[in-house]
**Q** 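Below: one structure in structure tokens.
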Amino acid sequence: MKRFVEGVDRNQATLFPERLDDWVGEDNAVRVVDVYVEGLDLGGLGFDRVEPSATGRPAYHPSVLLKLYIYGYLNRVQSSRRLEREAGRNVEVMWLCGRLAPDHKTIADFRKDNGPAIGKVCSQFVALCRRFDLLADAGVAVDGSKFKAVNARDRNFTAAKMARRMAQIEESVARYLHQLDSADRQEPSLARTTKTERLHDKIAKLREEMARLGKLEAARLAAPDQQISLSDPDARSMATSGRGSGMVGYNVQSAVDTKHHLIVAHEVTNVGSDRAQLSNIATRAKAALGADALDVVADRGYFSGEQIVACEEAGITVTLPKPQTSANRAKGRFVKGDFVYVSADDVYVCPAGECLSYRYTTEEKGLTLHRYWTSVCQSCALKDRCTSGKERRITRWQHEHVLEAVEQRLDKNPDAMRVRRETVEHPFGTIKSWMGSTHFQTKTLKRVATEMALHVLAYNLKRVINIIGIGALIAALQAA
């Protein structure tokens, strides 16, 4: 072994053992975790067992388990069993937890029993970032992303899946019955008898499966959204961006700061569509920033008149594109956007220059709608490009001016969508990379929300460390 770097003999005794602190550098991120948790009022945040019981076996202090979890999520170790192993072999964890090594059940129960408190820890770090002047004054980007749940697609049942599976079973039964008829017409033999028995067994198993699916169908019809999941009862089947693809999981909403890409607010839902989520997540972001007004950028999946008006009433200015849902453009006809509204006269001007005047007001699905049309469409030279009916009618919502202001803001700031994409999609990609292919490891919406809060806290911690450095962050936390 000459001319090689040699290690220390394993059997060599040392007179003066090294301090554990010597193995953890001053620029180690584990020191940030320690300082941050030590500065928290765990009792005020709602953690259990902050005060020890007078009798019984002594428990681990919540700060020890919270430090362990934050360190784990910061280093892509989310499993309670893996955290248990790290506590016994990882020098950084030994330093952080004072060489305490809780078992995996204790670790898992802490996360299960302290979900709301862990969510407040995440929110409190956002408040600290605001005090450190790391957040934009009043601007966020909003988006949602689908995360896999602990539930395979075969253990999730919707109306379409149930119909498809029943049809497949019925087709298989019919095929086996046809094979039985063919076997009966053949000469008796041992091979034919064996084949017949095998076909009868297959048909019996398929009928058992049909009976099982019948019971599941009854449970599915009793569910509020006509969908059930067997492994994680709160997980739902959701479509993804790929054509014909989907997953069983959760839809995570987030509002990301446009200055340093920090996650200001987030929420875990089991609703696959983003259309009804804008007002809620934008209001959460506004409260987290403590701002009187807020600018929000989102994609066209959030476009909903009611949601945009709710944001407007809450002092939130929204910028997002309007989806083109009319089929007239594909047919070579004029769409509503080709008609210009003149507010002073309360009329629409069509491409032919005619005025569509106000006729009456109606209410549909809780919306107050105004109708406009003109009586000269029959003699118009552009009628074939406008409508196939007697006249072209335009419907205007009571709050249409709010939606028009949204379109005008986007026209004035065409780079808003690029900023949104560069801002909000980066955190989602980073967190999913940390999670791995399985994404969430816990079940039910309540526990998944706790797990997501730890991921968001770990992301924000690492992001702030990269922005201002470990030493500056520790100093700021100690001064806070």
Side-chain angles (χ1 to χ4, degrees), residues 144 158-160 163-164 225-226 238-246 271-279 298-312 318-414 416-417:
T158 62
R164 186 167 59 250
D225 58 352
Q226 307 287 287
M238 300 179 181
T240 55
S241 56
R243 183 181 295 274
S245 64
V271 179
S273 173
D274 294 334
R275 197 164 302 279
Q277 306 295 332
L278 181 60
S279 174
D299 62 22
R300 68 180 73 250
Y302 285 90
F303 195 94
S304 166
E306 296 92 331
Q307 291 289 309
I308 294 173
V309 170
C311 289
E312 188 79 12
V318 180
T319 302
L320 75 166
K322 183 178 182 180
Q324 299 297 327
T325 57
S326 175
N328 283 338
R329 181 77 74 186
K331 297 177 181 178
R333 293 174 181 168
F334 298 123
V335 297
K336 184 178 179 180
D338 296 321
F339 293 74
V340 180
Y341 179 70
V342 181
S343 59
D345 300 325
D346 192 22
V347 297
Y348 275 93
V349 179
C350 74
E354 297 292 340
C355 291
L356 283 68
S357 57
Y358 166 77
R359 299 292 179 165
Y360 68 93
T361 298
T362 185
E363 186 169 330
E364 295 180 6
K365 298 180 180 179
L367 304 180
T368 302
L369 306 175
H370 306 304
R371 308 290 192 191
Y372 298 79
W373 72 81
T374 181
S375 302
V376 300
C377 290
Q378 294 291 343
S379 59
C380 180
L382 300 179
K383 183 177 182 300
D384 291 341
R385 295 183 56 192
C386 191
T387 181
S388 59
K390 182 180 178 181
E391 69 268 325
R392 177 63 181 268
R393 300 193 176 197
I394 297 295
T395 300
R396 182 177 180 83
W397 185 34
Q398 179 184 10
H399 301 289
E400 194 81 23
H401 62 282
V402 177
L403 306 185
E404 291 171 347
V406 171
E407 293 186 63
Q408 292 170 3
R409 283 194 291 271
L410 185 59
D411 292 338
K412 293 178 182 178
N413 185 17
M417 292 300 101

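Computed over heavy atoms, backbone and side chain alike; hydrogens, waters and symmetry mates excluded.
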**Q** In sequence, state the C-alpha distance, the side-chain angles, and the governing distance for Arg371 and Glu364, and then conclude on salt bridge (Lys or Arg N to Asp or Glu O under 4.0 Å).
**A** CA-CA 12 Å; Arg371 308 290 192 191; Glu364 295 180 6; 2.5 Å; yes
**Q** Do Leu320 and Ile308 come close enough that some side-chain heavy atom pair is under 4.5 Å?
**A**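 The answer is yes, as the side chains (C-beta and beyond) meet within the 4.5 Å cut-off.
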**Q** Give me the atom names and distance for the closest heavy-atom approach of Cys311 to Leu278.
**A**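 Shortest heavy-atom contact: SG-CG, 4.0 Å.
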**Q** After noting the C-alpha distance and the side-chain angles of Val402 and Trp397, does the key distance pass the side-chain contact (heavy atoms from CB on, under 4.5 Å) rule?
**A** CA-CA 10 Å; Val402 177; Trp397 185 34; over 6 Å; no
**Q** With rounding to the nearest 0.5 angstrom, report the CG to CE distance, Asp299 to Met417.
**A**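 The CG atom of Asp299 sits 7.5 Å away from the CE atom of Met417.
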**Q** Could you walk me through whether Gln307 and Tyr302 pass the side-chain contact (heavy atoms from CB on, under 4.5 Å) test, one step at a time?
**A** CA-CA 8 Å; Gln307 291 289 309; Tyr302 285 90; over 6 Å; no
**Q** Check whether any side-chain heavy atom of Asp338 sits under 4.5 Å from a side-chain heavy atom of Arg329, and report yes or no.
**A**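 Touching, per the 4.5 Å side-chain cut-off.
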**Q** Output the distance between atom NE2 (His401) and atom CD (Gln408), rounded to the nearest 0.5 Å.
**A**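 The distance works out to 11.5 Å.
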**Q** Has Lys336 got more than 12 heavy atoms of other residues, nucleotides or ligands less than 6.0 Å from its NZ?
**A**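 Yes, because the 6.0 Å sphere around NZ of Lys336 holds more than 12 heavy atoms from other groups.
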**Q** Under 3.5 Å, side-chain donor or acceptor atoms of residues 342-354 against the rest of the protein: list the pairs with distances, not counting sequence neighbours.
**A**
unit_1, atom_1, unit_2, atom_2, d
Asp346, OD1, Tyr341, OH, 2.7
Asp346, OD1, Tyr372, OH, 2.5
Tyr348, OH, Arg396, NH1, 2.9

**Q** Quick one: do Arg359 and Glu391 make a salt bridge, cutoff under 4.0 Å?
**A**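 No salt bridge links Arg359 with Glu391.
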**Q** Please walk me through it: do Ser388 and Arg333 pass side-chain contact (heavy atoms from CB on, under 4.5 Å)?
**A** CA-CA 10 Å; Ser388 59; Arg333 293 174 181 168; 3.7 Å; yes
**Q** For the residue pair Phe339 and Val335, what are the closest heavy atoms and their distance?
**A**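 Taking Phe339 first and Val335 second, the nearest heavy atoms are CD1-O, 3.3 Å.
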**Q** So, for Asn328 and Arg392, which heavy atoms are closest and what is the spacing to 0.1 Å?
**A**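 Result for this residue pair: ND2-NH2, 3.9 Å.
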**Q** Testing the basics here: between Leu410 and Ala416, what is the closest heavy-atom pair and its distance to 0.1 Å?
**A**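 What the structure gives for the nearest pair is CD1-CB, 4.4 Å.
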**Q** For Arg409 and Thr319, work out which heavy atoms get closest and say how close.
**A**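 It is NE-OG1, 3.8 Å.
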**Q** Can you tell me how far apart CD1 (Ile394) and OG (Ser357) are? Round to the nearest 0.5 Å.
**A**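 Here the rounded value is 12.5 Å.
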**Q** Atom SG of Cys355 and atom CH2 of Trp373: how far apart are they, to the nearest 0.5 Å?
**A**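 If I round to the nearest 0.5 Å, the distance is 16.0 Å.
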**Q** So which atom in Lys322 and which in Glu400 form the shortest heavy-atom distance, rounded to 0.1 Å?
**A**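 In this case the closest contact between Lys322 and Glu400 is NZ-OE2, 4.3 Å.
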**Q** Measure the CD-CZ distance between Gln277 and Arg275 for me, rounded to the nearest 0.5 Å.
**A**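 The CD atom of Gln277 sits 11.5 Å away from the CZ atom of Arg275.
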**Q** Does any non-hydrogen side-chain atom of Thr361 lie less than 4.5 Å from one of Gln398?
**A**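 Answer no - side chains too far apart.
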**Q** Hey, does the side chain of Lys383 reach the backbone of Gly389 with a donor-acceptor pair shorter than 3.5 angstrom?
**A**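 Answer holds: yes.
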**Q** Looking at OG1 of Thr387 and CG of Leu382, how far apart are the two atoms once the value is rounded to the nearest 0.5 Å?
**A**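 With rounding to 0.5 Å, OG1 (Thr387) is 12.5 Å from CG (Leu382).
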